[in-house]
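Inspection log for the structure reproduced underneath, given as structure tokens.
The analysis underlying the following values was restricted to heavy atoms, covering all of them including side chains, and did not include hydrogens, waters or symmetry mates. We count ligands from 1, going down the list as the structure has it; atoms in each ligand are counted the same way.
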Amino acid sequence: MKTQILTPAEAEKAAGILKGGGLVGIPTETVYGLGADGMNPVAVRGIFQAKGRPQDNPLILHIWSADWLERYCEDIPDTAYRLAERFWPGPLTMVLRCKKRTPQELEELKTGPVCSCTHFGPRVIPDVVTGGLDTVGMRCPAHPLCRSVIRLAQTPVAAPSGNTSGRPSPTTARHMLEDMEGKIPAILDGGPCTVGVESTIIDLTCDPPRLLRPGGITLEQLREVLGEVAVDPAVTRQMGEGEKPRAPGMKYRHYAPKAPVTAIKGEAAQSAAYILNRLSHTRWDGVICFEEFLPLFAEEEGPILSLGPAGDKGEQARRLFDALRAMDRTDVKRIWAQCPDDGGIGLAVSNRLNKAAGFHIIEL
Ligand code: TXA
Ligand code: MG
């Protein structure tokens, strides 16, 4: 199969592929997603195959607006609507209870028309989307092209990040093509992603609400609306053997380039000096540093990439996955990376860098 790159004028074609049970790459403001019709279990199964994704890792559903929540969720707390009002459309995913079918609905299904994609499960959402959990991640994305596709398809779009499982998430159509060439019919090109790291995931089925993955909406912003917010341990440290993070995806090795990464956290000039002192001055060391420190590494033989200015964490978020992918196109044997502090979107950048480093992080 030849993977076609669709232009923004071809959103209708992308929606058509979804409605026909196919897979399509979709731009969102966070990262590119690998979309399928979330109500079609056969189509959704294809996502796991194309990504090489473990079946127990649930997908999130992308919807047009908070008005769609009641079709798929129940026991929706008031906090969900407050968050939606403030941050949707935008980079926030809420974990909510799945809506169950009534006995009468189940009966009607048995007597109604049946096709290969008819799903008879106890919940409105197919089990293949939720991994059999009784909760589901719901997100209302902001990217105008993504929104067009959802509106035209009139279905919730199940979409994980569009990378091969374990690789950095794609923030351009070209990244996604690197991973999905020949595996899916099309990728809709919506330009580079403006956030650059995945959505924030907040679990609203527990009290207090719990941050499962930091992302485009910051912990500080969530606390402004919700008051107390717990932070899942999987955000800041490696899960031990037998420990079960609440977001199943957080347990997998992730975002990892081929060469091992060491992340250095601390005052920017200090972390840059720390890295400089440990370089082998061969082409086997790669460095991802803040822009100000590029001159410090100018004499080095290996690739030196900028993560953006030390004071601009938004830019760091936009550049991180691209930098990790760029390192994979080199033959470096070790990668050193400067890491921002946890304030604002720094928590998301630091979380992704730490995961890329297998939590091999040095705090100065
Ligand atoms: O920004 C994003 O969220 C992107 C774009 C495409 O929308 N999507 C994305 O999907 O990052 P994915 O599948 O790569 O990450 C979703 C994460 C996984 O770690 C998964 O385990 C978790 O969400 N998740 C999904 N459903 C969940 C649930 N019911 N409870 C807890 N975690 C859940
Ligand atoms: Mg992912």
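In the hydrophobic clustering of this structure, I362 does not group with F359; members are Ile, Leu, Val, Met, Phe, Trp, Tyr whose side-chain heavy atoms approach within less than 4.5 Å, directly or through other members.
Shown here is E105, whose CD atom has more than 12 heavy atoms of other residues, nucleotides or ligands within 6.0 Å. Counted within 6.0 Å of CD on Q154, heavy atoms from surrounding residues, nucleotides or ligands total more than 12; the atom is thus considered enclosed.
With sequence neighbours left out, P260 forms a side chain to side chain contact (heavy atoms under 4.5 Å, CB included) with no residue at all.
Geometrically, ligand 1 and A247 share no nitrogen or oxygen pair separated by less than 3.5 Å. Looking at ligand 1, you'll find an N or O of S199 within less than 3.5 Å of one of its N or O atoms. In terms of polar-atom proximity, defined here as any N/O pair under 3.5 Å, S161 does make such a contact with ligand 1. Checking only distances, R53 does come within under 3.5 Å of ligand 1, N or O to N or O. Considering backbone and side-chain N/O of K51, none are found under 3.5 Å from N/O of ligand 1.
Looking at V136 against ligand 1, only its backbone comes within 4.0 Å, counting heavy atoms. Residue contacts with ligand 1 for R213 involve side-chain atoms from C-beta outward but no N, CA, C or O (heavy atoms, distance under 4.0 Å). The proximity of T130 to ligand 1, defined as any non-hydrogen pair under 4.0 Å, does not occur for either the backbone or the side chain. Counting heavy atoms closer than 4.0 Å to ligand 1, residue T135 contributes atoms from both its backbone and its side chain. Looking at L212 against ligand 1, only its side chain comes within 4.0 Å, counting heavy atoms.
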Between S280 and D285, does the side-chain hydrogen bond (donor to acceptor under 3.5 Å, both in side chains) criterion hold? Intermediate values first, please.
CA-CA 7 Å; S280 62; D285 277 310; 2.5 Å; yes
Evaluate the criterion side-chain hydrogen bond (donor to acceptor under 3.5 Å, both in side chains) for residue pair E198 and S169; output intermediate values, then yes/no.
CA-CA 8 Å; E198 301 87 341; S169 298; 2.5 Å; yes
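Note that R325 lies outside the cation-pi zone of F321, set by a 6.0 Å cut-off to the ring centre and a 45° limit from the axis.
Formation of a donor-acceptor pair under 3.5 Å by the T205 side chain with backbone atoms of L96 is not found in this model. At least one donor-acceptor pair closer than 3.5 Å links the side chain of R139 to the backbone N or O of G90. A donor-acceptor pair under 3.5 Å is formed between the side chain of E292 and the backbone N or O of A310.
Protein nitrogen, oxygen and sulfur atoms, that is N, O or S, within less than 2.8 Å of the Mg ion (ligand 2) amount to 1.
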